[in-house]
There are 2 protein chains.
Amino acid sequence: MSISSRFSVGIHILALIEINKNGISTSEFLAGSVNTNPAVIRKIIGMLKGAGLVKVQPGIAGAKLAMKLSDITLFDVYKAVNVVQEKELFSVHENPNPDCPVGRNIQETIVPLFEVAQIALEKSLGNVSVEDVVNDIIKKENIS
Amino acid sequence: MSISSRFSVGIHILALIEINKNGISTSEFLAGSVNTNPAVIRKIIGMLKGAGLVKVQPGIAGAKLAMKLSDITLFDVYKAVNVVQEKELFSVHENPNPDCPVGRNIQETIVPLFEVAQIALEKSLGNVSVEDVVNDIIKKENIS
DNA sequence: TAAACTTGTAATAATATTTGTTACAGGTGT
DNA sequence: ACACCTGTAACAAATATTATTACAAGTTTA
Ligand code: FES
Ligand code: FES
């Protein structure tokens, strides 16, 4: 199992809008960089827009950032593109046997533990901004 | 996306072997409690055995614990059942465009950040033992 | 106003992953 | 010999992910 690449693509999109800020970032342009279909990009941009991270308008070419990149954390992107439902990073087997002491309690016991772990993950994502990502890309470009 | 329930089933199996320690925990017995097919249980038990968490022998009915439950953390189970590959909790889109400054750097930039988050998750799982799970189940049973 | 281009969105297809099922070889104990 | 178990592989079914195609509706510009 792996968390959908929608997340990494979302980060990619935001970073590229920034780096291409003097140009026009259409879904086709972005798709060329990510190497996927423009419709995929439009769907993800729609999600980023829903979360207030970008501005786009039907008919008008190009997406723009709606916030400072330093205010957008990876956690914001992660939530925006909806790759993991709340409390559902780990799936738990359904319908355990209610006649078994373990079966009738395992879910209630395990779910909160899984939740703590999920929150630890998400907290970590919250410590990094997309600006950090862009700066790292710029640094890597300058060195090489 | 969700992490395979093999993980929760693995925890369930260990807990049930403990609670049924005076009985014989065959794959059929365990399957009845988890509510799945015995072959699924045998496959998972095989993984737990590979990690040294349980003892089973071909032909001999029943699985036994190979370690003290207090020494088995949820992280141990998680690794044993192989629900997430190392560094691959998050998938990253492949083949980004090497002619784009973002495309040619995004992977190298993002992967370490994802890794930090994954480790935070795993560290959290390492803080809880299967014994804690069993104790919680027992507590819940006694109250109700 | 028409043509050219865009976004938003849905329907569909292709692919991959997860889970369950069936079957059976080979081990063990009665 | 028989009944029972584990280990394992092959297969099937159910889900989820990603890509593709198509088109309505908005915008620009010529
Ligand atoms: S059914 Fe999950 S522990 Fe018994
Ligand atoms: S950022 Fe992923 S291809 Fe440009």
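In what follows, chains carry the letters A, B, and so on, assigned in the order in which the sequence lines appear, proteins first and then strands, with residues in each chain numbered from 1.
Here the P atom of nucleotide C/dT22 and the NZ atom of B/K43 are 15 Å apart, to the nearest Å. Straight-line distance from the CD atom of A/Q57 to the C1' atom of C/dT6: 12 Å, rounded to whole Å. At whole-Å resolution of the value, CZ in A/R6 and P in D/dA19 are 11 Å apart. Whole-Å rounding puts the A/H93 NE2 to C/dT19 C1' distance at 13 Å. For the pair B/I3 CD1 and C/dT19 P, the computed distance is 11 Å after rounding to whole Å. Counting to the nearest Å, the C1' atom of C/dC5 and the CZ atom of A/F29 are 17 Å from each other. Residue A/K55 contributes atom NZ, which lies 18 Å from atom C1' of D/dT27 at whole-angstrom precision. Straight-line distance from the CG atom of B/N95 to the P atom of D/dT18: 14 Å, rounded to whole Å.
Mapping B/E28 and A/A39 onto DNA chain D by nearest heavy atom places B/E28 closer to the 5' end of the strand. Heavy-atom distances to DNA chain D give each of A/G59 and B/R42 a nearest nucleotide, and the one nearer the 5′ end belongs to B/R42.
Residue contacts for B/V56: at a heavy-atom cut-off of 4.0 Å it reaches the sugar-phosphate backbone alone, with no base atom in range. Counting non-hydrogen atoms under 4.0 angstrom, A/A63 reaches nothing in the nucleic acid.
For the OP1/OP2 pair of D/dG7 and a distance below 4.0 Å, the side-chain nitrogens and oxygens of B/K49 include at least one atom meeting the criterion. Listed pair A/S4 / D/dT18 meets the phosphate criterion, a side-chain N or O lying under 4.0 Å from OP1 or OP2. Phosphate contact (OP1/OP2 of C/dT19, side-chain N/O of B/S5, threshold under 4.0 Å): present.
Considering only side-chain atoms of B/T26, the nucleotide from D/dC5, C/dT7, C/dG20 that sits closest is D/dC5. Considering only side-chain atoms of A/I60, the nucleotide from C/dG29, D/dT27, D/dT18 that sits closest is D/dT27. Residue B/N37 places its side chain closer to C/dT21 than to any other of D/dC5, C/dG8, C/dT21. With distances taken from any side-chain atom of B/V40 to the nucleotides D/dT18, C/dT21, C/dT18, the minimum falls on C/dT21.
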* Can B/R104 and A/E141 be said to form a side-chain contact (heavy atoms from CB on, under 4.5 Å), step by step? -> CA-CA 9 Å; B/R104 67 170 161 264; A/E141 276 293 299; 2.7 Å; yes

* Asked: How far apart are the C-alpha atoms of A/S27 and A/L30, what are their side-chain angles, what is the distance that settles it, and do they pass the side-chain contact (heavy atoms from CB on, under 4.5 Å) test?
  -> CA-CA 5 Å; A/S27 63; A/L30 295 166; 5.6 Å; no

* Asked: So B/F90 and A/L74, side-chain contact (heavy atoms from CB on, under 4.5 Å) or not? Walk me through it.
  -> CA-CA 12 Å; B/F90 296 94; A/L74 298 193; over 6 Å; no

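The side chain to side chain donor-acceptor pair (under 3.5 Å) analysis of residues 45-71 of chain A, with sequence neighbours excluded, yields no pairs.
Judged purely by distance below 3.5 Å, without hydrogens or angles, the side chains of A/N127 and A/S124 never pair a donor atom with an acceptor atom.
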